[in-house]
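The figures that follow rest on heavy atoms only: side chains count, while hydrogens, waters and symmetry mates do not. Just so it is clear, the structure is predicted and the values come from calculations on it, not from any experiment. Lettering of chains follows the sequences in order, A, B, ..., and the numbering in each one begins at 1.
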Amino acid sequence: MADIELIPNKKHLARADQPELVGELTTLNLGPTHPATHGIFQNILQMDGEIIVSSEQTIGYIHRAFEKIAERRPYYQITTLTDRMNYCSSPINNLGWHMTMEKFLQVEVPKRAQYIRVIMMELARIADHLICNGILGVDTGAFSGFLYLFEKREEIYEIYEEVCGARLTTNMGRLGGMERDLSTEAIRKLRAFIKSFPPVMREFESLFNRNRIFMDRIIDVGAISAERALNYGFTGPNLRAAGVDYDVRVMNPYSSYEDFDFIIPIGQSGDTYDRFMVRNAEIWESLKIVEQALENLPEGPFYADAPEYYLPPKKEVYSSMEALIYHFKIVMGEIDAPIGEIYHAVEGGNGELGFYMISDGGRAPYRLHFRRPSFIYYQAFPEMCVGSTLSDAIVIMSSLNVIAGELDS
Amino acid sequence: MLTNQEVAEDLLKKFGDDVFDFEEPYGLLTLTTTREQAIPMLEYLFHHEKFQANFLTDLTGIHYPDSEGKEFAVVYHVHSLVHNFRVRIKVFLAEADIHIPTATGLYASANWMERETYDFFGILFDGHPNLKRILNIEEMDYFPMRRQYPLEDSTREDKIDALFGR
């Protein structure tokens, strides 16, 4: 827990605490289609001059009923729903879902597949944090950092393309492993990325980290104490910025995360600057993990020996009777899961991404609930922005990295 | 390191007959309690000197239309970050009396999770500061995640189970 407890927005606190000073309030609609909200959700702000007095949030504009749809879908078809949640880091969502089902069906995934997954998930985390921090720069009026980083994000997306054929909604991996091995082209692109990314990231950091204007703009803005953050169900970088070293990758390692050497960066005051810095530090840690995983990539198969769950290679489907049967059964969704329930969590771009699945023994889940980190921590937004200015509210929202797709599921 | 056994025994000692149906699916301690004891149990775990289970990971509902008197379940996933210990607490409710006390007094994060559960299942959280729909439109007059609302038109004939050998 943090030793220092900062008062949120101490710059303007006096005004917000003295209601007798509040004159006529202005109602201001922030959203639902305001570019600064980076997604479709609305905030009805009560403003006293430039100070926010209260905020009422409306969400659900892009609710797509994923939990309901999932109750009709065979297990492997649910992957496409998950990547539409946090679309800034879809591979984590996809692979998190596969790992939930593998744990549920007790499928042992070979090391090589686990390492490939780690590489992809860490790339996704880098991409996710790049967007968040790049946009934070844009919201404070510095456009160039965002453009530098987006070139690198493009390279990450090219690696996705090489691995799974898609860029945004990746549908990556299969139940039991990966859909294909890392190609030589993918490895070449990965190595190129590892080499070319650090200078750009360093340049970005030197533009922002100790930039006086940027620091004055975001230090002490939207601070939250560790205790409040935990009470609000914060996870991921936002919780770590408040000083709690909770990371699912370390606490409940999955997909061989215990093999890698990395640290959990934490902040102290939980303000916007700490969130920014924690994400920057995590990018470096993720890069370290990618390097290690690529360096020590084990030999062996990239999918589990579980023919009833893993789609057989096309070549075998045309030549072997068994493979053809399994292919048909899997594609038609005729694979029944055992009765039971499971909760499995992975460290998503925004925090603990959980899957709570209940099976009644059928071809589709009886009930599937997604624990979406940004849905849970976005409720803290009014508490964080009351008493600050409108421009601070934009920065706070930006640094929380609220993704509309994940918010509304 | 906390074991399931230890926590289960402690809860059994404290709550006696009000805690039952202990299970361990995939290593996660799962137990059921009554509606009256749900919040006291969460509070007990929250303030427990040793367990310190003060993080509400998840709160959601389930609909079992066929189990009479226990049609709805509210499921809490509580996490003790100090011991890295999770526990799943279930409370079953009857459709005729679909009320449960709110957990918002304990966890600020429960606010939206309870609203979401109300929105989709119609479970009423007594004492909730702002219990209204969150993801669906307010004019909606049904609770979409209940099982009586099938996803697809049941009159369709091109998707009969028999055609697929089911």
Using non-hydrogen atoms and a 4.5 Å limit, figure out which bit of [X] sits close to chain B: side chain, backbone, both or neither.
| X | answer |
| --- | --- |
| A:Ile62 | neither |
| A:Gln379 | both |
| A:Arg372 | side chain |
| A:Phe104 | both |
| A:Tyr61 | neither |
| A:Ala380 | neither |

Toward chain A, the part of [X] with a non-hydrogen atom under 4.5 Å:
| X | result |
| --- | --- |
| B:Phe46 | side chain |
| B:Tyr64 | both |
| B:Leu59 | backbone |
| B:Leu28 | side chain |
| B:Arg86 | side chain |
| B:Arg146 | backbone |
| B:Asn136 | side chain |

- request: Find the one option among A:Thr235, A:Asn252, A:Thr58, A:Ile358 whose heavy-atom pairs under 4.5 Å with chain B are most numerous.
  value: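 The candidate making the most pairs under 4.5 Å is A:Asn252.
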
query: Any idea which of A:Gly60, A:Ala65, A:Gly354 has the most non-hydrogen atom pairs under 4.5 angstrom with chain B?
result: A:Gly60

Quick check for you: to the nearest 0.5 Å, what is the distance between [X] atom [atom1] and [Y] atom [atom2]?
| X | Y | atom1 | atom2 | result |
| --- | --- | --- | --- | --- |
| A:Lys68 | B:Arg147 | NZ | CZ | 6.5 Å |
| B:Ser109 | A:Phe234 | OG | CZ | 10.5 Å |
| A:Glu352 | B:Thr57 | CD | OG1 | 5.0 Å |

field: Working for side chain to side chain contact (heavy atoms under 4.5 Å, CB included), residues B:Thr30 and A:Glu341
entry: CA-CA 10 Å; B:Thr30 305; A:Glu341 59 184 323; 4.0 Å; yes

task: With a 4.5 Å cut-off on heavy-atom pairs, point out which of B:Asn84, B:Leu81, B:Val75 contacts chain A the most.
output: B:Asn84

- prompt: For residues B:Thr60 and A:Arg367, is any side-chain donor paired with an opposing acceptor at under 3.5 Å?
  reply: yes

Is it the case that more than 12 heavy atoms not belonging to [X] sit under 6.0 Å from its [atom1] atom?
| X | atom1 | result |
| --- | --- | --- |
| B:Gln148 | CD | yes |
| A:Lys329 | NZ | no |
| B:Asp97 | CG | yes |
| A:Ile339 | CD1 | no |

- prompt: If only atom types and distance count, is the side chain of A:Lys103 paired as donor or acceptor with the main-chain N or O of B:Tyr26 below 3.5 Å?
  reply: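 No: the side chain of A:Lys103 does not pair with the backbone of B:Tyr26.
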
message: Has A:Tyr366 got a side-chain atom pairing as donor or acceptor with B:His63's backbone, closer than 3.5 angstrom?
response: yes

- request: Test A:Glu56 against B:Lys132 for salt bridge (Lys or Arg N to Asp or Glu O under 4.0 Å), laying out the working first.
  value: CA-CA 13 Å; A:Glu56 196 193 324; B:Lys132 56 178 192 183; 3.5 Å; yes

task: Give me the ring orientation class for A:Tyr378 and B:Trp112: parallel if the planes are under 30° apart, tilted from 30 to 60°, perpendicular past 60°.
output: perpendicular

query: Using the ring of each side chain (for Trp, its six-membered ring), is B:His79 parallel, tilted or perpendicular to A:Tyr246, with breaks at 30° and 60°?
result: perpendicular

query: Closest heavy-atom contact between A:Leu407 and B:Leu135?
result: O-CD2, 4.1 Å

message: On a heavy-atom basis, which atom in B:Leu106 and which in A:Asn231 lie closest, and how many Å separate them?
response: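 Nearest pair, atom of B:Leu106 first, then A:Asn231: O-ND2, 3.1 Å.
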
task: Could you walk me through whether A:Arg371 and B:Met113 pass side chain to side chain contact (heavy atoms under 4.5 Å, CB included), step by step?
output: CA-CA 10 Å; A:Arg371 185 210 190 265; B:Met113 294 198 248; 5.7 Å; no

query: Should B:Tyr107 and A:Leu230 be marked as a side chain to side chain contact (heavy atoms under 4.5 Å, CB included) after you check the CA-CA gap, both sets of side-chain angles, and the distance that decides it?
result: CA-CA 9 Å; B:Tyr107 307 104; A:Leu230 281 174; over 6 Å; no

field: Validation row, ring centre A:His369 to ring centre B:Phe120 under 6.0 Å
entry: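 Centroid distance A:His369-B:Phe120: not below 6.0 Å, so no.
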
message: Does the structure place the NZ or CZ of B:Arg88 under 6.0 Å from the centre of the six-membered ring of A:Tyr356, at an angle of no more than 45° from the ring's axis?
response: no

